Amino acid sequence: MKKITTRLAASVILSSLVLTSSAQTETTAERLRQDSLLLQAAVRGDAEVNLPLFQTKYTADPSPIVVGDTLFLFTSHDASPEDIPDINERSSAGFFMYDWLLWSTTDMVNWTEHGAVASLKDIPWRSRENGAWAIQTVERNGKFYLYAPLHGHGIAVLKADSPYGPFRDPIGKPLVWDRSNWYDIDPSVYTDEDGQAYMYWGNPHTYYARLNDDMISLKDSVVKLPHIENYQEGPWFYKRNGHYYLGYATTCCPEALGYAMSDSPTGPWVSKGYIMRPTPRDRGNHPGIIDYKGHSYIFGQNYDLMHIETFVHHERRSVSAVEITYNPDGTIQEVPYWLDQKPLKQLSWLNPYQRVEAETMAWGLGLKSAKMGIRNTGVVADMPESTGKKNMYIFDINDGELIRLRGVDFAGGAKKFNITASATGKTTVTLRLDSQNGPVIGTVSITPTGSLEDYRAFSAKVKKVGGVHDLYLCFGSTSGDVRLDWWKFKK
């Protein structure tokens, strides 16, 4: 993918925007153009907009899970063009999905990337090299179970001792597979208070089955439910305050975020309308809903990140989230489109005096990330099996790019900035506060370390500043290859 910085994006948008004679198309195209310009202004610090959560990769199908004080978010992964094996398909509008990614946060605004936690290669009986669709990961008795659809080959289950993996296939076959159709996709699993686990799935029909306590086998037969109004795909099954909920993507196209409620885990389900209404600004969706630290959130997907580069349609999606509110009767208050809302409220300030991984950020468009010691181009043939937690680094750094972190608490003030990096080239990191063009508090130069495997510490004095600020690591004077591992300030 050609790299697009915020400095170039406006001209790219204007040159790539093609309006047709259709009044509706013209209106939609203009709305998308405005969205993209607003998004860029928010990145610079000139506007407050609810931005997509991740930028180093295209993401979709969000699956949140809380472990301790951390919210983990599993996502599927739309390949960037350079990661698609067939060069003739790199401009295609279709789905190219090979692995599943993991992210984590403790404040809801700064997210740490953990890379691919599993891929199609971890399912040896798969029949295709493409089709790593929507998963859900759940925990039971200290084990983690990742339920994955295999694009026309049923639903698999992988098991691990940690949300980071490594994930392994404990049964060597599909958990569910109706060979007469391709409806077995988008699994969602919930364990009720009585210990009974249920799995819902299906497009365009809705199915469920009860799981045994081992979470890797069915207790009894699959049940097909009566049609739920506006249901299309992507069910998300959960329980809250005695009510059972089934969130889902509504009838295509565009897909919105709808939900139904029931007094029983097996229905009957009554549609309650939309959480987020259909809009021509989007076309596909998939909900993930969770309570975290006293707040309720819905995660979904859009094409807002891709629209910074192009309005020509491709399946290159981005995940966003908003807070939701429940009425006294349990129904959910409808929310506006992602970009029509203020940024998520930060739940705690980021401590800059402890190690902060370079892949922790609120924004980093144009940058790339990878696990150390692992070649991972996005192509299944180049991937190892699930590796578990590995240290990561940021690379593919170019002038004009940046890492933004929200809500950094400098307390009484810092005196020094340290960053660990490797390089065969060089870059200058300018530290700015509150915006891309905000006050400079320090500058550090990263110079060649001998090899990309040789990480060294680079440091610089900084102007003493206290209180809470957004922090921008702005890159310039860049040449050659530079990899960033972690950074921290010293008092």
Side-chain angles (χ1 to χ4, degrees), residues 60-63 76 95 131 133-136 138 147-155 174-192 196-211 218-240 242-280 282-289 298-301 324 326-327 329-335:
D61 307 320
S63 170
S76 57
F95 293 96
W133 286 8
I135 64 169
Q136 184 175 359
V138 301
Y147 298 87
L150 271 300
H151 198 178
H153 208 147
I155 294 173
L175 175 61
V176 169
W177 186 17
D178 183 344
R179 289 166 173 79
S180 69
N181 59 63
W182 282 34
Y183 303 155
D184 298 338
I185 65 169
D186 298 350
S188 179
V189 174
Y190 172 76
T191 302
D192 212 348
Q196 179 59 60
Y198 300 84
M199 183 170 73
Y200 274 75
W201 70 91
N203 174 351
H205 307 292
T206 316
Y207 302 86
Y208 80 86
R210 297 193 301 168
L211 300 178
L218 301 187
K219 177 173 285 188
D220 41 35
S221 60
V222 172
V223 177
K224 181 181 178 181
L225 289 170
H227 177 67
I228 301 170
E229 184 181 3
N230 289 330
Y231 175 92
Q232 179 68 46
E233 62 179 337
W236 184 266
F237 179 48
Y238 68 103
K239 186 180 184 181
R240 188 179 190 275
H243 300 289
Y244 293 93
Y245 294 85
L246 195 66
Y248 48 83
T250 62
T251 308
C252 191
C253 279
E255 291 181 344
L257 295 172
Y259 75 107
M261 294 176 65
S262 177
D263 295 327
S264 164
T266 59
W269 293 96
V270 178
S271 173
K272 297 297 181 179
Y274 295 109
I275 302 174
M276 184 181 291
R277 286 187 174 271
T279 170
D282 203 354
R283 57 183 287 163
N285 231 311
H286 191 108
I289 303 171
I298 184 167
F299 297 81
Q301 63 202 33
I324 56 175
Y326 291 84
N327 296 312
D329 64 356
T331 56
I332 302 172
Q333 295 181 15
E334 192 174 312
V335 295

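Everything numeric in this text was worked out from a predicted model, so none of it was measured. These values consider heavy atoms only, across backbone and side chains, with no hydrogens, waters or symmetry-generated copies. All residue numbers in this chain count up from 1 along the given sequence.
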Could I get the full list of salt bridge (Lys or Arg N to Asp or Glu O under 4.0 Å) partners for [X], not counting sequence neighbours?
{"X": "D178", "answer": "none"}
{"X": "K219", "answer": "none"}
{"X": "D329", "answer": "none"}

Residues that S264 engages under side chain to side chain contact (heavy atoms under 4.5 Å, CB included), provided they are two or more places apart: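 Only S262, T266 meet the side chain to side chain contact (heavy atoms under 4.5 Å, CB included) criterion with S264.
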Residue pairs, two or more places apart or on separate chains, that pass salt bridge (charged side-chain N to carboxylate O under 4.0 Å, His left out) and touch residues 249-275: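 Not a single pair qualifies under salt bridge (charged side-chain N to carboxylate O under 4.0 Å, His left out).
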Can you sort out the partners of [X] under ring pair (Phe, Tyr, Trp, His ring centres under 6.0 Å), two or more places apart, ordered by chain and number?
{"X": "Y190", "value": "F237"}
{"X": "Y183", "value": "H205"}
{"X": "F299", "value": "none"}
{"X": "Y326", "value": "Y245"}

Distance in Å, [X] [atom1] paired with [Y] [atom2], rounded so as to fall on 0.5 Å steps:
{"X": "L150", "Y": "I155", "atom1": "CG", "atom2": "CD1", "result": "9.5 Å"}
{"X": "W133", "Y": "D186", "atom1": "CH2", "atom2": "CG", "result": "8.0 Å"}
{"X": "I135", "Y": "I185", "atom1": "CD1", "atom2": "CD1", "result": "14.0 Å"}

For residues 282-289, tabulate all N or O donor-acceptor pairs below 3.5 Å that involve a side-chain atom, not counting sequence neighbours.
from	atom 1	to	atom 2	distance (Å)
N285	OD1	Q301	N	3.1

Report yes if some heavy atom in the side chain of Y259 is under 4.5 Å from a heavy atom in the side chain of I298; otherwise report no.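 No, every pair of side-chain atoms sits at 4.5 Å or beyond.
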Check: W201/D184 side-chain N/O donor and acceptor closer than 3.5 Å: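 Note: W201 and D184 side chains meet the donor-acceptor criterion.
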Say whether Q136 and S188, considering side chains only, have a donor N or O and an acceptor N or O under 3.5 Å apart.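 Q136 vs S188: donor-acceptor pair found between side chains.
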Suppose we screen for side chain to side chain donor-acceptor pair (under 3.5 Å). Which residues come up paired with H153, at least two apart in sequence or across chains?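 Only S127 meet the side chain to side chain donor-acceptor pair (under 3.5 Å) criterion with H153.
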Identify all side-chain donor-acceptor contacts of residues 223-233 below 3.5 Å with residues at least two apart in sequence or on another chain.
from	atom 1	to	atom 2	distance (Å)
Y231	OH	G202	O	2.4
Q232	NE2	N203	OD1	3.0
E233	OE1	N203	ND2	3.0

G300 and P62: which non-hydrogen atoms are nearest, and at how many Å?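 For G300 and P62, the tightest heavy-atom pair comes out as N-CG, 3.8 Å.
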